[in-house]
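Everything below concerns the one structure shown next.
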Amino acid sequence: MLPYIHSLISEVLRKRSIEIPDFTVEHPKNPDFGDISTNVAMKLAGILKKNPLKIAEEIREELLTLHEFLIQEIECVRPGFINFYISDHYYQSLVEKLIEEDKNFMKPEREGKKVQIEFVSANPTGPLTIGHGRQAVLGDTIARILEWYGNDVTREYYFNNAGRQMQRLGESVYARCKQLLGKDYPIPEGGYEGEYIRDIASDYLKEREGILPENPLDRDLIDFASDRIFKMIRETLDRLGVHHDIFTNEKDLYTSGKIDEVLALLREKGYLYDKEGAVWFRATCFGAEKDRVFVKSSGEPTYRLPDIAYHREKLLRGFDLIIDIFGADHHATYPDVKAGLEAMGYDTSNIVVLLHQFVTLTRNGEKVKMSTRKANFVTLDELMDLAGPDVVRYFYIMRTMDAHLNFDIELAQKESDENPVFYLQYAHARMNNILKHSVDKGIDSYLDGDIQLLNEPETLDVLKVVSEFGEVMELCRRTLEPMHLTSYLQKLATAFHKFYATHRVVTEDLLLSRARLKMVHAVKTLMAEGLGILGVSAPDHM
RNA sequence: GCCCCGAUAGCUCAACUGGAUAGAGCAACGGUCUUCUAAACCGUAGGUUACAGGUUCGAGUCCUGUUCGGGGUACCA
């Protein structure tokens, strides 16, 4: 509806040969200002050097000649706003549209882009934490939104199974094995101290019949440990409803020679130089303050190099859009990756980096400091034990990724009432129950209900919220912020609960009952669709 | 020092590209179930949008500076 009004106004201006300014068409916060409002006259006031209210009146006159039946009334107000009142008929018609289009309600033409989205990407050194959870849900929900638009989305997990972290993991398991064998053997400095390490050590000894390799950095030991941890990670993600299509590991980039290719290309373009035994990249050519080391004097690459090689692979794989989701701590690294790619002559404009702020955990009103190494964290699994996957998913995307997320353990543990998720699910269950009740009452069909009977304010308010669905989805896609959908569904549920409280659906009045049942059916479809995009279940009973 | 995020009701947070009287939930207080689920609804109360300037018809939103909090700024990942 908003783009439609926008185009109507543009048409009027074009007809009058007035240059079209950058103006907004929106739903005003205050219902006294109509269903839709535009500031076009005020934008034109400066250009035309005329009174904005006068301009508004002129545009209104012109619009009235169009005899647009969807618009009931147009009014011009104080500084120069033009407010539109949309006819009830339009809102009522949405009920039929929703039933007819079902899951394609307000969905535009298939976009058909190839999208790759990388997220979570935690190295297999321990269970996923609450911090990883935010990224998992954020990435998956963004993927669902893009899929809704008919894009082909690849969910990808990139991990490092070759570096120093893996060595520390091996050493830690090794130490635990030694201890299990009755030896006094300390966990190395910077090693992993979690209980899961002990379990892995115990299983390792069992499966290898008590034989421990002599070298703590033994490949078999490390692989055993990382495989075990990866299995845990995948089970956790599975439980959360997050499924990656591809797992890419850093080790393969070395064995396949991709790292060397990048070095050769950069060398060829003249962006590398040797200094103090290390290989340096001229990051300053791309706006960085300092040049960066790509290969240490020890001969090992820094993390930037495989990151660049990996992203080069992504570009070569031919995606229309590449999305990376990182925690705020990565904010300094992605400019280097982009610089490296540009140095090789690649266009990085289709790479979008989304940074989310951290998750802080509070327990008894105090912040809990988390560290995987020290194992004083709450895992994502434990969180799901407390609150269930639906609540966890919802909580993670309730907020913009730009803001810190405060996860209150007490609140998560609390039974339902304070959980906004239940509010939505309850609305859905209620709608389902009404439909079920109508069957019990012997109303066998309502799809031929007369939508013109849906004319009370509370009923139309529900449909007004329904009318905004397309705009909200568009907003989610544009900003890649699923949060807008959560607040929309809250709004939808509120409108419905209010309708429910004022109007009884199934009554003696059969015609009215049918009309209302039809609306309930339609809104239930939309609520289920919205929850589905969020990856939250829509229960029929609660 | 420099870079990135944030600061809005007692608490957790909204406010779509600058729009009209800054909104929800929780907590507090008061109402509403013989009728489709009260996990709901209605009402009361709660604000100098961290601070100071600036830009304009109009600023929570944009610009500059300040304060506080988080994260970066490695031959760690």
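Convention: sequence-line order gives letters A, B, ...; per-chain numbering from 1. What you see below is based on every heavy atom in this structure, not just the backbone, and it leaves out hydrogens, waters and symmetry mates.
- In this structure, the ring of A:H6 has its center less than 6.0 angstrom from the ring center of A:F23.
- Among B:rC75, B:rA40, B:rG72, the nucleotide with an atom closest to any side-chain atom of A:D329 is B:rG72.
- Not counting sequence neighbours, A:Y254 has no partner by the side-chain hydrogen bond (donor to acceptor under 3.5 Å, both in side chains) test.
- Listed by first then second residue, pairs satisfying salt bridge (Lys or Arg N to Asp or Glu O under 4.0 Å) with a partner in residues 423-443 of chain A number zero, not counting sequence neighbours.
- Scanning for salt bridge (Lys or Arg N to Asp or Glu O under 4.0 Å) contacts around A:D307 gives an empty result, with sequence neighbours left out.
- Comparing the C1' positions of B:rA27 and B:rC13 gives a spacing of 14 Å, expressed to the nearest Å.
- Look at A:F81 and the base of B:rA20; the rings stack, centres closer than 5.5 Å and planes less than 30° apart.
- Phosphate proximity of B:rA24 to A:K491: absent, as no side-chain N or O sits under 4.0 Å from OP1 or OP2.
- Considering only residues two or more places apart in sequence or on other chains, A:H331 meets the side-chain hydrogen bond (donor to acceptor under 3.5 Å, both in side chains) condition with none of them.
- Spacing of C1' atoms, B:rG54 relative to B:rU44, comes out at 40 Å, to the nearest Å.
- Taking atom P in both B:rG46 and B:rU64, the straight-line distance is 37 Å, to the nearest Å.
- Among the heavy atoms of the strands lying under 4.0 Å from A:Y500 is at least one base atom, whether or not backbone atoms are also near.
- B:rU55 and B:rC62 are spaced 8 Å apart, taking the C1' atom of each and rounding to whole Å.
- Of all non-hydrogen atoms in A:I259 and A:A309, the two that sit nearest each other are CD1-CB, 4.0 Å.
- Put simply, the side chain of A:L272 does not reach to within 4.5 Å of the side chain of A:W280, judged on heavy atoms.
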### Message
For nucleotides 1-8 of chain B, give me one character per nucleotide, 5' to 3': B if any protein heavy atom sits under 4.0 Å from the base, S if the only such contacts are to the sugar-phosphate, - if neither.
### Response
-SBSSS--
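- In B:rC33 the O4'-C1'-N dihedral to the base is within 90° of 0, which defines a syn nucleotide.
- Taking the charged nitrogens against the carboxylate oxygens, A:D461 and A:K498 have no contact shorter than 4.0 Å, which rules out a salt bridge.
- A distance of 6.0 Å or more separates the ring centres of A:F294 and A:Y273.
- When the P atom is used for both B:rG6 and B:rA50, the distance is 13 Å, rounded to whole Å.
- Secondary structure note: stems in RNA chain B built from 3 or more consecutive Watson-Crick or G-U wobble pairs under 3.5 Å occupy B:1-7 with B:67-73, B:10-13 with B:23-26, B:28-32 with B:40-44, B:50-54 with B:62-66.
- Applying a 4.0 Å cut-off to non-hydrogen atoms, none of the residues of residues 47-57 of chain A approaches RNA chain B.
- The side chain of A:Y423 places an N or O atom within less than 4.0 Å of a non-bridging phosphate oxygen (OP1 or OP2) of B:rC41.
- For A:D307 against B:rA77, no side-chain N or O and base N or O form a donor-acceptor pair under 3.5 Å.
- RNA chain B is contacted by A:R478, A:M483, A:H484 of residues 478-490 of chain A, taking any non-hydrogen atom closer than 4.0 Å.
- With RNA chain B read from its 5' end, the first of the two nearest nucleotides for A:H497 and A:E26 is the one closest to A:E26.
- Atom name C1', nucleotides B:rU61 and B:rA22: the rounded distance is 11 Å, in whole Å.
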For nucleotides 9-12 of chain B, which of its nitrogen or oxygen atoms have a protein nitrogen or oxygen under 3.5 Å away, and what is each distance?
unit_1	atom_1	unit_2	atom_2	d
B:rU12	O2'	A:R399	NH1	3.1

Short heteroatom pairs, N/O only, protein and nucleotides 42-48 of chain B, under 3.5 Å:
unit_1	atom_1	unit_2	atom_2	d
B:rC42	OP1	A:K498	NZ	2.7

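- If you look at A:Y158 and A:Y310, their ring centroids are closer than 6.0 Å.
- In this structure, A:F119 has its ring center no closer than 6.0 Å to that of A:Y157.
- Heavy-atom distances to RNA chain B give each of A:P28 and A:T333 a nearest nucleotide, and the one nearer the 5′ end belongs to A:P28.
- Between A:L354 atom CG and A:I325 atom CD1 the span is 5.5 Å, to the nearest 0.5 Å.
- Ion pairing between A:D324 and A:K314 holds under the 4.0 Å rule for side-chain N and carboxylate O.
- A search for side-chain contact (heavy atoms from CB on, under 4.5 Å) contacts involving A:D22 returns nothing, not counting sequence neighbours.
- Side-chain rings of A:F286 and A:Y271 approach one another, their centers coming within less than 6.0 Å.
- For A:A328, whose side chain is taken as the heavy atoms from C-beta onward, the closest listed nucleotide among B:rC36, B:rC75, B:rG71 is B:rG71.
- Under the 6.0 Å cut-off for aromatic ring centres, A:F469 and A:W148 qualify, their centroids lying closer than that.
- B:rU12 and B:rA52: their P atoms are spaced 23 Å apart (whole Å).
- Evaluation of the salt bridge (Lys or Arg N to Asp or Glu O under 4.0 Å) test over residues 325-339 of chain A, restricted to residues two or more places apart or in two chains, returns A:R292-A:D336, A:R304-A:D336.
- The closest side-chain heavy-atom distance from A:F159 to A:S121 is not below 4.5 Å.
- Rounded to whole Å, the P atom of B:rU8 lies 26 Å from the corresponding atom of B:rA40.
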